[in-house]
Amino acid sequence: MRRYNSMRPPLNGSSVSVGIKNMEEEKKTIGVRGLLAVAVVLCLCSLAVSTEETKQKQLRLKENGEFKILQVADMHYADGKTTPCTNVLPSEKVSCSDLNTTAFLHRMILAEKPDLIVFTGDNIYASDATDAARSLDAAFSPAISASIPWAAVLGNHDQESALSREGVMKHIVTLKHTLSQLNPAGIDLIDGYGNYNLEVHGVEGSGFENKSVLNLYFLDSGDYSKVPSISGYDWIKPSQQLWFQRTSLELQRAYMSKPEAQKAPAPGLVYFHIPLPEFTNVVDSSNYTGVKQETICSASVNSGFFTTLVEAGDVKAVFNGHDHVNDFCGEYTGIQLCYAGGFGYHAYGKAGWARRARVVVATLEKTDEVSWGPLKSIKTWKRLDDQNLSTIDVQVLWSNNTPGGT
C-alpha cells in the first residue's frame, strides 16, 4: 500500500466507490451548507476585491504583451538531502532526494523566466518533515532567491505536522516575494485558508494599464471530508463559492466600465489542489491533450463549484494538482480543466515518466504598432525534467476569436 495516501486507489485506472450513504444524509448535509451560505451572504457586503498588499505588488503584462505563469504541483518537500525519492529508476535512486525537486525548479525558472509562479498544494509532505516551517522555506526558496512573485494554495498533506492548516498558510504569507493571502480582506466567515484573487493589469502606458485584463482566483480545496457520513476528500464550500461569485462580479463590472469599457469579462484562471468531479467528464469525452494514468481523485460529493464557474462567465481554465501521473488538459462546457502533473521527487510518480510542470502564457492583442488591447489568447505547455527540459503538449486554451471570447 502506498504510504503517501491510504485513500488513493492504485495507479491502474480502477474506480472507488465512496460517497453519501443515503439520500437522507445528503439532505442533512445540504441543509447545513445552506445555513452557512445564508450567513456568508450577510458578511459579504463589506467585500474588498483587492487588498492593499496586492495593490502594492501589482502584477502587469510585460512590454512584449505577455504574462507567463509557471504552475508547480505537489512538490511534497520534506527534509532536503536526507529525504529519499519515490518511484524513480533504480539508477536514479541512490543520489536522488528533495534536492532534485529544488534543482528542477531552478532549471524551470531559468528556462521560462516566469512572471508568476503558482504552487498548487502539497508543497510539503508534512508528516515526513522534521520542521514544517523549515521545509516550507526550502520548498519555496528557488522562487524567493530569484525574486519572482509567487502564490500558493494548500493541498491535503501540507498540514500533517505540528503546524496546523492555518499555521502553514500564516507562515507562507510571511515569506519574501509572495502574493499569497491568508483569506480575503473584510471577510470573517469563509472556509479554509488561502482564498484570494490577484489582478494582472495591462501594459504600462496602454489604455489598459489601470484595468485587470487577466484575473487569477485561488481557493483552498481542503484536505479530507469533515462530514462523518461522507468519506473521501474535501470540497469547495458555499462560503468560498459566494466569495468567488462576488469577486468575479466586481471584477467584471470594473472591466466593462469606462475607460476602455469592454463588452465581455476579462478572462479568469482558477487554481486549487483537489480536482473537480467534472474532470471525469473530460476523460469520458476523450477531448483532452496529455495523459490519464490514475483515477481522478476528486471529492465524493459534487459541491456545484463547476456550475458556479460556468455561471460566472469569466473563467477560461482551472488548474489542479493532486493526481501526480495525470497531466491532461481538456475542455468541458466552455472551461478547460487542467492537471499540471507531479513535480516533486518525494511524491509518488511513475519510474521513467519524467516529473513535470505546466506553463501558461497570456498574450495581449496588438491594436497598432505601439498599442496593446485586451487579451488575445491563453496558451499552455508542459516542461519535463529531462536532459533538455523538453516541451510537450502545446495547446491553445482560449482565444478571443472563438465563441465566448472578448
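In this text the structure is predicted, and so the values were computed from the model without any measurement.
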Exercise for the section: Report the residue from D128, D98, T101 that forms a side-chain hydrogen bond (donor to acceptor under 3.5 Å, both in side chains) with H346. Expected result: D128
Completion exercise
Minimal heavy-atom distance between I117 and A143, with the atoms involved, is CD1-CB, 3.8 Å
Exercise for the section: Please check if any side-chain donor atom of S239 sits under 3.5 Å from a side-chain acceptor atom of D191, or the reverse. Expected result: yes
Handout entry: SB check K211 E260 (cutoff 4.0 Å)
Key = no
Handout entry: Distance under 6.0 Å and angle within 45° of ring axis: K379 vs W381
Key = no
Practice task
Test D393 against every option in R358, K382, R356 by the side-chain hydrogen bond (donor to acceptor under 3.5 Å, both in side chains) rule and name the one that passes.
Solution key: K382
Handout entry: Polar contact flag, side-chain donor to acceptor under 3.5 angstrom, N195-N183
Key = yes
Problem - Between Q252 and S248, a side-chain donor and acceptor under 3.5 Å - result: yes
Exercise for the section: State, to 0.1 Å, how close W372 and S206 come at their nearest heavy-atom pair, and which atoms those are. Expected result: O-CB, 4.0 Å
Exercise for the section: Over all heavy atoms of both residues, which pair between V283 and I296 is shortest? Give the atoms and the distance, please. Expected result: CG2-CD1, 3.7 Å
Exercise for the section: With salt bridge (Lys or Arg N to Asp or Glu O under 4.0 Å) as the test, would you mind laying out the steps for R165 and D220 before giving the verdict? Expected result: CA-CA 10 Å; R165 197 168 184 83; D220 180 4; 2.7 Å; yes
Exercise for the section: Check whether NZ of the Lys or CZ of the Arg R355 lies under 6.0 Å from the centre of the six-membered ring of F104 and within 45 degrees of that ring's axis. Expected result: no
Practice task
Verify the distance criterion only: is there a donor paired with an acceptor across the side chains of K350 and Q293 at less than 3.5 Å?
Solution key: yes
Handout entry: Over 12 non-hydrogen atoms of neighbours within 6.0 angstrom of NZ in K226
Key = yes
Handout entry: Any side-chain donor near an acceptor of the partner, D223 and Q159, under 3.5 Å
Key = yes
Problem - Donor-acceptor pair between Y345 and D385 side chains, under 3.5 angstrom - result: yes
Practice task
Check whether more than 12 heavy atoms from other residues, nucleotides or ligands sit under 6.0 Å from atom NZ of K81, and answer yes or no.
Solution key: no
Handout entry: Side-chain H-bond candidate by donor/acceptor type, D137 with H171, under 3.5 Å
Key = yes
Exercise for the section: Return yes if a side-chain donor-acceptor contact under 3.5 Å exists between T83 and D79, otherwise no. Expected result: no
Exercise for the section: Please name the residue in the list H157, H324, H76 that meets the ring pair (Phe, Tyr, Trp, His ring centres under 6.0 Å) test with Y348. Expected result: H324
Practice task
Could you tell me which non-hydrogen atom of A73 sits nearest to which non-hydrogen atom of T120, and how far apart they are?
Solution key: CB-OG1, 3.4 Å
Problem - Sub-6.0 Å ring centroid separation between F272 and F218 - result: no
Practice task
To the nearest 0.5 angstrom, please state how far the CG atom of L384 sits from the CH2 atom of W353.
Solution key: 8.5 Å
Problem - Nearest atoms (heavy-atom pairs only) where M169 meets Q181 - result: CE-O, 3.6 Å
Practice task
Specify whether W243 and Y217 have parallel, tilted or perpendicular ring planes, treating 30° as the upper limit for parallel and 60° as the lower limit for perpendicular.
Solution key: perpendicular
Practice task
With rounding to the nearest 0.5 Å, note down the distance linking NE2 in H273 to CG in L154.
Solution key: 10.0 Å
Problem - Identified side chain to side chain contact (heavy atoms under 4.5 Å, CB included) partner of I69 from the options I378, T380, L216 - result: L216
Problem - Neighbour count >12 (heavy atoms, 6.0 Å) for atom NZ, K176 - result: no
Handout entry: Within the 6.0 Å centroid threshold, strictly below: F140 and W150
Key = yes
Problem - Pair Y224 + Y233: ring centers closer than 6.0 Å - result: yes
Problem - Residue that, paired with E66, satisfies side chain to side chain contact (heavy atoms under 4.5 Å, CB included) out of T363, L364, V203 - result: T363
Exercise for the section: Check L116, I109, L70, D115 against I148 for a side chain to side chain contact (heavy atoms under 4.5 Å, CB included) and give me the one that passes. Expected result: I109
Exercise for the section: Looking only at non-hydrogen atoms, find the nearest pair between A299 and W235 and report the distance. Expected result: CB-CB, 3.9 Å
Problem - Proximity of F279 and Y339 rings by center, below 6.0 Å - result: yes
Exercise for the section: Supply the atom-to-atom distance E199 CD to T247 OG1, rounded to the nearest 0.5 angstrom. Expected result: 10.0 Å
Problem - Donor-acceptor pair between H322 and D74 side chains, under 3.5 angstrom - result: no
